[in-house]
Structure formats: C-alpha cells, structure tokens
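A, B, ... follow the sequence lines: proteins, then strands. Residue 1 opens every chain.
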Amino acid sequence: MHITKKLHTTLLTLCLGSFAAVSCGKSDDKSAQAPEAGNRVPTDTGLDESQGGPNGTKLAALESRFLNFVGDKLSEKAERFAASSVELDQAVEVLCQSGSTKALEEARLSWKKLAGVWEQIELYQLGPLTENAATLRYQITNWPDAVNTCRIDMDVMKAYKSGDVAQLSGRLNRQGLTAAEYLLFEPSLKASCPSSVPVLEEWNQLDDQQKRMGRCLYLKAVSSDLNMRARELFSQWGPVGQNPLSGSFNDSARKDFLQLVFNNLFYANHEMKYLKLVGPAGLDAKYCPSSPTPCPDAAQYPYAKHSIEALGENLNAIFELVSGDDKMPGFKDLLQLEDSEKGSIAAQSVLSTIESMKRLTSKQDKSLVDLLSTASPMECQSLGEDGETDEKAWLCELQAGLKKLASEFKDQFSAILKLKAPQVAQGDND
Amino acid sequence: MRSYAKFFCLVILSSHANCFAAEASESSEASEASKSDVISVEGARGRRFVEPGSQTSLGREYLDDYKQTDLNRALSSLPGIQIQEEDGYGLRLNIGMRGAHPHRSRKVLMMEDGILIGPAPYSAPAAYYTPLMTRLDGLVVTKGSSAIAYGPQTIGGAIDFKTLSVHGDDDIGTSDAMVELAGGSFGFQKALGKVRVTHGDVSYMLHAADIKSSGFKTISGERADTGFHKTDFLAKASLAIGLDELFVKLGQTDEQSNETYLGLTEDDFNQNPYDRYAASALDNMDNRHRQLQLGYLINRNSFSIRTTAYYHTFDRLWYKFNGLSGAGLDASSVISEPYGRNQHAYDVIKGADDSLGANDQIVLGSNDRSYRSYGLDVKAEHQLPDAFLGDHTIEWGLRFHGDSIRRDHQEEPYLMSLGKLVTVENQPAAITTQNEDSAKALSAFVIDTMKIARLRINVGLRLEKVELSRTDELDRAGNLDSAREELIPGAGLFYLIDESFGAFFGVNRGLALASIDDVGSGKPEQSINYELGLRYKKKRAAADLVGFYSDYSNIKGTCSFSSGCSSQDIDKSFDGGKAKVYGLELSSSYTGLWGGFYWPISMQYTYTHGVFENRFVSSLADWGIGIIEPNDPLPYIPKHQASLNLGIKGSRAQFMASYRYVSEKFDQAAAEGRKRMDHYRVVDLSVSVWPYKQAPYELYMTADNVLKSRYLVSYRPFGARPGKPQSFSFGVKASL
C-alpha cells in the first residue's frame, strides 16, 4: 500500500510538473530545425583532388577552363550592360531636356543597345540572376510577363502633376527594360487604360508636349533604376577572373556548375522557341489562345519591334557557349574530348544550325509584330504546300531550327557529356 | 419541469472530473446501457477505469461551462490529439491522433452516436462534415488497442460525437426545454432551442441551432463578410418496448461560409494576420448534410444487440481560389516567395496589380461534390459470467456499408482589375474533374474481455473487406476497380493494483486503407501500436499517464486541394515507408471544495515525437516535394501540447478559464522549403451568473483569446493562416 500511495503521489506530481515545464517556455528542441534554403549556385571552388587518371585530369582541366570562360563571358557582358545602362540614362536626360526627335532617336538606340546586351545575358541562369526567385533579373526585365501600361500611365500622370521625377512603385511590370521600351517607343501617346479608369480623362486633356514630359519624368526613374540594377548585377557576379566560376573546382562542384551551365542552353527551347516564336506565331494554343491565328501582341518587345534582333542576340550567346573562343574552350571542346567522333558531329551540327538561324534573323527586314500582323493562320506542318508565303516559310524554318537545337542538346549533348537535360515543360509536339 | 436548484446542483456536482478518463464506475454503466443514446459505441468500452486502453471524453458539463462553438477548442483539452486549425471557427476540422497526420481528419475515425459520420469514409475519408457542437452532449475519444472496435481507420483512434439525448440529462425521463440567445464580436449570433418530452414509453427531442458571424478577416484591408452561417436541426424519437427500444434520428445541417484556401505571405501575416487577398473575395462554401437513422435495441440481462440502419447525404460546392492561369505558376510558391518571378502573380492575387493577359488570370474552381453513405450496423454485447477462466464479455459487431463521392469540378478564369475580380468574356468554365468513386464494405469485429481476479484481458480481431470502384467520365482510362481485405488484431490488459490505481498495456495493428488510385504500393498504411499506462481515480481526483509507440511499416499520405495538390492528384494516396511516433500523454483532474466554492481543475500534457525513418523522394505536397531523410519530422505534429482548465463555481455564479499551449511544429517534412510555425498560447474565459434565485435564467459572457495572441496555425493550402483573434460573446440561456 505504501508503494501504491507513492505511485499516486508521483503520478499527480508528474502531471503538474510537466505542465509547468512545457507551458512556461519555448521548446528548446533543435533536432528537426529546417536548414536555410541553399544557394542554387554551388559555392565550393576548392581544388580538384581526384581526377581519375590522365584522361580524367585532362577532362577536369578542360571543364574548369570552360567554366572560367563562361564566368568571364558573363562578367564581360555584365560590365557592358552596366556601361550601356549609363548611356541610356544619359540619353534619357538629354531627351528630357531637349524633347527633340533626334534625342528621342538617340535614346531609342541606347535602349536597343542595352536590350541587345541583356539578351546575351538573359540565358545565363546563374548566381544573382536566379537568387531570391530571380528578383534582380525581374527587376531588370519582367518579360515574359506583360508590362502594365495602364498603371504606368497612371504613375506618369502622377509624376506630371508633381513635376518631379517619378517614384517607382516597386511593381516589376512598371519598371525595367519593358517599361522603358513602352515609354520610349509607344508612338501614339494615348493612355492605354480602359475608359473606366479616371486617368484617361486627365490624360486626354494634356497636349503632346505635356504627355512627353510626363513620360520623361517616369522614364528618368526607370532608366536610373536600370542603371542601379545593372551595377548591382556586375558587382554581385564580379569582374573577369573574380567571379564564382573563376579558379578551379573539386569534382563535385565542377560537375554541378557544368550542369547549371548546360541547363542554360535550354533557353533555346522554352524561352526562344515557345515564348518568343511559337506563342506569337500562333503555333500552339497553350501559348496563343487564338491559335492558329497568330498572337502578335505576345511578341517580345512589341513597341520597339525588336524581337527578331533579340533572338539574334540569344543565338550569339548560345553560339559562344558552344564554340568557345580562340583561347578558351566551349561545349564543343568538351564534346570532342569525351567522344571525338560523335562529339564533333554534334557540336558541328549545332553550330551550323545556329549559323543558319543567324542568317535567317539577319535577312528578315520586317519586325515580328509586322510580320505576324499580316500572316494568315499558321501551321508549320504544311510547309512547302502551295500558297505558302515567304513570311510563313521564314517562321517555320526558324522554329524548325530551334527545335533541332533543343533536340541536339537534349539527346546528343546530354548523352555525350553525361549531363541531365532539364525537365521540359512541354513536349515537342509542335 | 426541472427545478432551478436541481439543475444547478447537477452542474456543480458534475464538475470537470469527467472531462478525462476514469470517471465512470462499472455499476453506473449498467444503467447507461439501457439507453440507446448513452451506450452509443461504447458498450463494454464504457468501463473506462478498467479499460485496457486509452479512452477520454468531454461531457455535457464541459460544453455547458465553456459554451464553445469550435470543436477544435474543445478537443484541445484532451490528450494525444493534434489539431491543424484552418478558419478559426472550426468549420473544417483537421484532427490527428498520436502523430497521425491531421489534415482533413482522414486518419481518425469519426462517428456520431456510434455510426460513421464522415461523408464517405471509405471512398473519400476527408471529413468535410463534423457535427455542430450545439447538438452534442459530449464526445468520446478512443485510442490504442481499444480502437479496433471501430474502423476502417485504426491508425490514430476514433472520436464518437454523442448527440443530445432523447431521454434527458438525468435519465429519468422528464421533459424539459431550453432556449439560448447570444451575440458578440464580428457579428456573432447564436440562437438555440431544444424541447425534450417523455410521455409514457414515447420520448422525443427536437433541437434547432442557428449560428452566424461576419468573420474576423478583412479583404484587402476592407471590411467584408468573411464569415459563415450554419443552421442545424436534430430530431430524435424513442419508443420503449419492454426493455427494448425502437429509435429514430433525423438531422439536417446547412452551411454557407465565405471560406477560402488562400492564406497570406509571411510578411503580410506579420503586418496583419487577419487580412485576406482580393483574389479570395468570391470564395464561398455551400453545403448540406442530411441524416436518417432508424434502429432497434434489444436489451436483456445478459446481452444487448443494437441494430441501426443509416442513410447520410452530404452535398457541397466550394467555389474558391484555385490558383493562377499561367503555366508553372503555383499559388503556394507565389505565396512562399512573393518576389522576383512571382511578384506580379502575387500582386494580382493581392489585388495590387491587374491581370494583363492569359497567363496572370485568377482561376476560381467550383468543387462540387456529392457524397452518399448508407449501411446497416449491428453491435452486440454478451455477458458470460464464470465461463472459461473467469467472467467474459463478448462484444461483436457487423456492418454492411456503402458510400460514394461524385466530383464535378470546374474552373473559371477571372481578371483582377483595380482590386476586383472581373469575369473573362468568352471564356466559359472548364470541366476539370468528373468522376464518381464508390465503395462497398463489410466490417466485422469480435472482442473478448476476460476478467480474472484483478486482471482484465481483452483480445480482439477486426475484419475490413472493401470493394472500391471509380468511373471517370472524362477519361475512360481512369476507370478503376480494386479490392482491399485486412485483418486487424489487437489485445490489451488492465491490472487493478488497488481499488483506485491500475496499470494497462495494449498492442494493436493500426491501419488506414489505400485509396482506389494509390500511386504507391497499393498497401495500406500500417503500424503496430503499443501503449503502456497507469491510471488513478479516487473520489474527485483522476489521472492517466500513458506512453505510446507507433511503429509504422508504411506511412501513407493523401492528396487534396487543401494540402496543395493539383486536381489530377486529388485523393491519391502515397507511400512514405517506415516511420515512428512515440510519446507520452498525461491527463488529470481534481475538484476541490474550499471556502464554499467548488474548484474544478484539469490539465493535459502530450509529448509527441514523430519522424520518417526512410530516405525517399516525396511527391506529396503534405510531406513536401523533394527528398525526405530519416528523422525528418512528421508535419503538423507539435512536440509539446498542454492545456489547463480552471474554474470557480458558486451557487449563483461561476468563472471558468482555459489555457492551452502548442509548441512549434513544421509545415512539411522535406527540408527544402520546410517552414517552422512558432509556439503559441491561448487563454479563453467564460463567466456565468444566475441572477434570479427561483428562475432558471443564466446570463453568460465568453471571451476567446483574451490575451490577444496573434498566432499562425497553418501554411496550408496557400499561405499563412491565423488563429481566432480576441472575441467576446454575451448570451442568455433559459432552461425550463
């Protein structure tokens, strides 16, 4: 009985004691704490310790040099982008002071130059361009999202009323390259809001000069912000020889980096083929609800009519990654080292496809928007049939080239380099 | 008519001693067994003090004292229960037990008066319907080896919601009536009425409730109706035929609630947890539950057999934010990372930016589902004194059950324009799901409880045999048929150390059947559950201390919209391999008598450690998409939970206080993207006065979350969700 009583007391004491223990403080158990999300770019750049014999050593060294090359190319482009953004900023300043047609043309040229550099950078999904859900990249351009021209008009009106440089709202579809494009290239100076929005009435009461001044006040804020983001990109990635892909790597880090760079080639598939071509051309209802009738509004840079040039810059960047340059290796060299015969064929096939597409883009006089505005419903399967127009043939040839590129990357490059092709959002059913 | 003095005396004397285990003696249950409402599912399971397993309950007194309308708040007073709150009002319950995942209470068996009450417990175990608290007399929670009397799920345990008795509180067959009116914060209104009449051998009871609130959330900072309106009718009748009884029960519950799956980003939650985004402005749940039960109780000295035929329907249409139109735009990701590539989508959801094309439209889904559940349930108990090796009580049960769920899901695009949702012209709603699942099940169990001197041993076996089928009207390849058959053994023993102290041990197979379109092995979720406990009861004091260990050989999870899955994965089950859950449950109660007042006090503490034991790649949103490593935590299972209930009761007034603590927990198991939810503490109060000595009028005030805790209860399905803020209600209750 004595033991039983003791047990009774112990049990009740436990009840109250444990209650006090848990209710008086936060749990200190750290065993299941969530770790911080890792940086998407591997940061280990230690020396390679195991390279698997002479061939392995040679391959490892080549891969390291290739990565150095990629890193340095991005450094160069980021530096050029920053410099071009200064030029745009200055051109906008001049435009806002003079308001002349010549100044407008100068500013437009500066924008095109900046956009051209950006199009060579954009396929690099590395480091600061991917961190924080790619915040910096979307601050530079919100493409493929649309630019919110109505909200820009409202902010322009606000800036005009205040007479001072606009304060950006932080909304990504009202800043960056696409907002600057709208402000510089939209020709009508009409408000783009529906009639239900009050800004329309106020806007219509302004004369063209006042409208341009309003847009300028907003454009100044946009170009200044672009300049800041461009400098941010360069400082975060680093200069030649001092970026995350500089130096040498251990096996694991090198392979991880290589995979990341390889993934970038598939920009040719989703962004270039689907978003920049198939969608606007109306070749797939997923990207263009009115398919097969084209969706010219979905073209990149619709106001500047600069999408074909953008495609050309993308092709230049891919060509560079594959070919390397006089001093440094590209994917071509890695392929040849892995399998001299198949590797050479695959690399050559890709390079010649890119060359032919570059010729295609450079020979096209019309912009994609103009070309699609007159195009009849599109279906590339009927290529070669009677009634086929030059425009249609051109579009279908470009699409076929991009499809071929994606296919080479997915099948040949991936197999020879022993790298994984990223999961494709949509099958190649077009 | 019952006198006020008698009524008050009952309230005082009952106190909280029966909030927890061990309140009923064997002799008192003998009289309980004669009434269909009371024996409910318990039968021999009602012998709680000597039961070789965990069984806890909340009684009428608790419900009267606290006057809660949220079952989550009531259940948090009981040990071993994990709750994932959702809307702050308890409209949708997410209950787990002993580490079983709480989402939509799939792993817990829900019954009302001993009959399966989930809309379609076999075809679609998600519990979108649970009884309104106002129709309850109490509830009983059974865990461990005792749970094999109930199925199909035996993995966590069973909850039996006991509705208002047709026979009256005091079981002596008197007539009574009650009216209650209350109003309070956030447009809260409550109106209840009950009439109970006994005339000779005939008894009947009618109950009606109407509860509404305009909600405590605002939409984009503006006051809006984010609340609910529920009405509930319950009718019961009973005809005594000698010792036997014929009984019938009818019920209907309707709900309109402007509830949503859309939560907040962490930053927005920290600024104002009670905000809602503009994309959820049209969200609305409309549901109706109907039930009909008809039964007969044969009651003899040595045996009783209760037979119930039941037919339940549940129809619901939840029109709500389902996501965004853009390919690759996942609403959960947008809310988790509302910047960079997701910023525009986030702005559109919030109403801070406009939809600009086909890729940034808001998609609202009308998830229209009709459930049917029907069957014949037989439960029996035979007393066999002085049989082989001692006294035996044989319980057995047989159930023929059928249920079905029909899904008609559609999605409709909207444009966000200047903070408002606007329909998209020429884009009609698209059908996303059109199918029907059905199940036919045979269940049987037998449990022999043997009493030898101070030892009580029970051994039982349960059979679940189910045929499942799916007809997919959109895709014939989706038509499926499958069958499941499982035996579920369990055994337990209780040793009476002395008249007020005992120890028990139990082991059983825990099981939850795989869904018809299981994407894993097709095997059920299964575990071996062990428990070891000590039980104490003396006069007005009671305590239970139970250690438990659930050794999962295959833990399973099930997809739902509400856990973040896409429409093509709804109700699919996934394998998670080995897992283990162990812990400790402690509950105690005591009613003191000092200074002319009664001082009821009760507390519970639960420690739960639940982890995966395998490394595998998860594609189930509940666990997180990605790699799960050994020792990754089971989501929504806090390590520590505690509650303390205190009261002071005098002859004309009473004061009750409830405190609960829930420690931190995780939103998912996979390390990548795993979010931690901080611990929280909540205090609720209730004060009642009886101003007139001779008149049975009670004036009361309740206060929920008096300390104004701002706490996060869940990240599911899309973003952070708050617990209920500080709120008050004032009411009057007249009992005649």
Go through the atoms of B/Asp347 and report whether side chain, backbone, both or neither lie under 4.5 Å from a heavy atom of chain A. side chain
Do you see a donor-acceptor pair shorter than 3.5 Å between the side chains of B/Tyr636 and B/Asp667? yes
B/Leu418 portion near chain A, given a 4.5 angstrom heavy-atom threshold: both
With a 4.5 angstrom heavy-atom cut-off, which part of A/Asn148 approaches chain B: side chain, backbone, both or neither? both
Is B/Ala669 close to chain A through its backbone or its side chain, or both, or neither, when contacts mean heavy atoms under 4.5 Å? neither
Please look at A/Arg151 and chain B and tell me whether the side chain, the backbone, both or neither of the residue comes under 4.5 angstrom of a heavy atom of that chain. side chain
With rounding to the nearest 0.5 angstrom, report the CG to CG distance, A/Asn264 to A/Leu126. 5.0 Å
A/Phe185 and A/Tyr303: ring-ring contact (aromatic ring centres under 6.0 Å, His included), yes or no, with the steps? CA-CA 5 Å; A/Phe185 291 89; A/Tyr303 300 101; 8.7 Å; no
How many angstroms lie between NZ in B/Lys665 and CD in B/Gln82, if you round to the nearest 0.5 Å? 9.5 Å
Using salt bridge (charged side-chain N to carboxylate O under 4.0 Å, His left out), reason through B/Arg341 and A/Asp145 one step at a time and then give a plain yes or no. CA-CA 9 Å; B/Arg341 68 173 69 88; A/Asp145 293 345; over 6 Å; no
Between A/Asn132, A/Val147, A/Leu136, who has the most heavy-atom pairs with chain B when the cutoff is under 4.5 Å? A/Asn132
